[in-house]
Amino acid sequence: MNAMTDTAADAAAAAPKDVITPWVHKVQYYETDQMQVVHHSNFVRWFEECRVHILDEIGYGYDKLEAAGVISPVLTIEAKIVKSVRFGETVKIRAAIEKFDGIRLTIKYEVLRDGDNALCCTGSTGHCFLGEDGRLISLKRRIPEVYEAFRKLPTEFI
């Protein structure tokens, strides 16, 4: 490839998207218990990995948000384990926007076992957006392009 093509590919990869591609994760041994079943705490970690992936996909990763003086703490977490996941299996974490008003955000998740697409876990995380002073902010006012990027994301799993 030439430099021009590399630059175009980089720009396309960094461009904001209106879809959320699944986050894929291969289960590591340290994530399991003595029976080689994934410990429940790892589902929460996978939700976070998926959330970081979403922000990167829309072109506004945590690094960019924080550089703009915006932080987004986790307010709520819910997870319901439906089926066990074991060492060596690969899972796909799908996400969709459940609620978003520019000040608060709720993301819903499904963890599916790769191969048979068995539903292993459902869940959600709730967030807000704070300025450097720790007060709630409106993304619509503070960073309108981020607000628009979130607004375009799907509300159903794709």
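Count residues from 1 along the sequence.
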Side chains of Leu119 and Lys83 in contact at under 4.5 Å (non-hydrogen atoms) = no

Min side-chain heavy-atom separation Thr90-Val24 under 4.5 Å = yes

Does Gln28 CD have over 12 foreign heavy atoms under 6.0 Å away?
-> yes

Atom of Leu75, atom of Arg104 and distance for their closest heavy-atom approach = CD1-NH1, 3.2 Å

First locate atom CD of Glu57, then atom SG of Cys50, and finally report the distance between them rounded to the nearest 0.5 Å.
-> 8.5 Å

Smallest heavy-atom separation, Ile54 atom then Ala95 atom, equals CD1-CB, 3.5 Å

Would a distance-only check, ignoring hydrogens and angles, find a side-chain to backbone donor-acceptor pair under 3.5 Å from Ser138 to Ile103?
-> no

Could you please spell out the steps behind the side chain to side chain contact (heavy atoms under 4.5 Å, CB included) verdict for Ile143 and Glu145?
-> CA-CA 6 Å; Ile143 314 175; Glu145 60 272 20; 3.3 Å; yes

Are more than 12 heavy atoms from other residues, nucleotides or ligands located less than 6.0 Å from atom NZ of Lys92?
-> yes

Hey, are the side chains of Ser84 and Val38 touching, using non-hydrogen atoms and a 4.5 Å cut-off?
-> no

Taking all non-hydrogen atoms of both residues, which atom of Gln36 and which atom of Tyr29 are closest, and how far apart?
-> NE2-CE1, 3.9 Å

Which heavy atom in Phe129 sits nearest to a heavy atom in Ser72, and how many Å separate them?
-> CE2-OG, 3.7 Å

Hey, are Trp23 and His53 close enough side-chain-wise for a donor-acceptor pair under 3.5 Å?
-> no

Asn42 (side chain) donor-acceptor with Glu31 (main chain) under 3.5 angstrom | yes

Shared hydrophobic cluster, Leu55 / Ile71 (ILVMFWY, side-chain heavy atoms < 4.5 Å) = no

Considering only heavy atoms from C-beta outward, does the side chain of Trp46 approach that of Val27 to under 4.5 Å?
-> yes

Can you measure from OG1 (Thr125) to CD1 (Ile107) and round to the nearest 0.5 angstrom?
-> 4.5 Å

Is it possible for you to say whether Tyr60 and Tyr62 belong to one hydrophobic cluster, with membership spreading through side-chain heavy-atom contacts below 4.5 Å?
-> yes

pair Val85-Phe43: side-chain heavy atoms closer than 4.5 Å | yes

Closest non-hydrogen atom pair, Gly69 against Arg142 = O-NH2, 3.5 Å

Connected via hydrophobic side-chain network under 4.5 Å: Ile81 and Val44 | no

Side-chain contact, heavy-atom cut-off 4.5 Å: His127 with Phe100?
-> no

Audit row: Thr32, Val37, side chain to side chain contact (heavy atoms under 4.5 Å, CB included) steps and yes/no = CA-CA 5 Å; Thr32 65; Val37 172; 5.8 Å; no

Tell me, with the steps shown, if Glu49 and His25 meet side chain to side chain contact (heavy atoms under 4.5 Å, CB included).
-> CA-CA 9 Å; Glu49 289 176 7; His25 179 84; 3.3 Å; yes

Evaluation steps, salt bridge (charged side-chain N to carboxylate O under 4.0 Å, His left out), between Arg45 and Glu48 | CA-CA 5 Å; Arg45 290 176 191 222; Glu48 182 170 347; over 6 Å; no

Report yes if some heavy atom in the side chain of Ile137 is under 4.5 Å from a heavy atom in the side chain of Val70; otherwise report no.
-> yes

Is there a chain of hydrophobic side chains (I, L, V, M, F, W, Y, each step under 4.5 Å between heavy atoms) that links Tyr147 to Leu130?
-> no

About how many Å separate CG of Leu139 and CZ of Phe150, when rounded to the nearest 0.5 Å?
-> 7.0 Å

Could you state the interatomic distance from CD (Glu98) to CG (Leu105), rounded to the nearest 0.5 Å?
-> 10.0 Å

Mind telling me whether Phe47 and Tyr109 have parallel, tilted or perpendicular rings, with 30° and 60° as the class edges?
-> parallel

Of all the heavy-atom pairs spanning Met35 and Arg86, show the shortest one and how long it is.
-> O-NH1, 3.3 Å

Common cluster, Val52/Val91, ILVMFWY with side-chain heavy-atom separation under 4.5 Å | yes

State the CD1-SG distance between Ile93 and Cys120, to the nearest 0.5 angstrom.
-> 10.0 Å

Would you confirm whether Thr76, through its side chain, and Gly126, through its main-chain N or O, come within 3.5 Å as a donor-acceptor pair?
-> yes

Does Arg151 come within less than 4.0 Å of Glu148, counting only side-chain N to carboxylate O?
-> yes

In this structure, SG of Cys128 is separated from CZ of Arg135 (nearest 0.5 Å) by 13.5 Å

Are Leu153 and Ile20 close enough, and set up right, to give a side chain to side chain contact (heavy atoms under 4.5 Å, CB included), and what steps lead you there?
-> CA-CA 7 Å; Leu153 291 174; Ile20 301 172; 3.8 Å; yes

Using 4.0 Å as the upper bound for N to carboxylate O, is an ion pair formed by Asp116 and Arg113?
-> yes

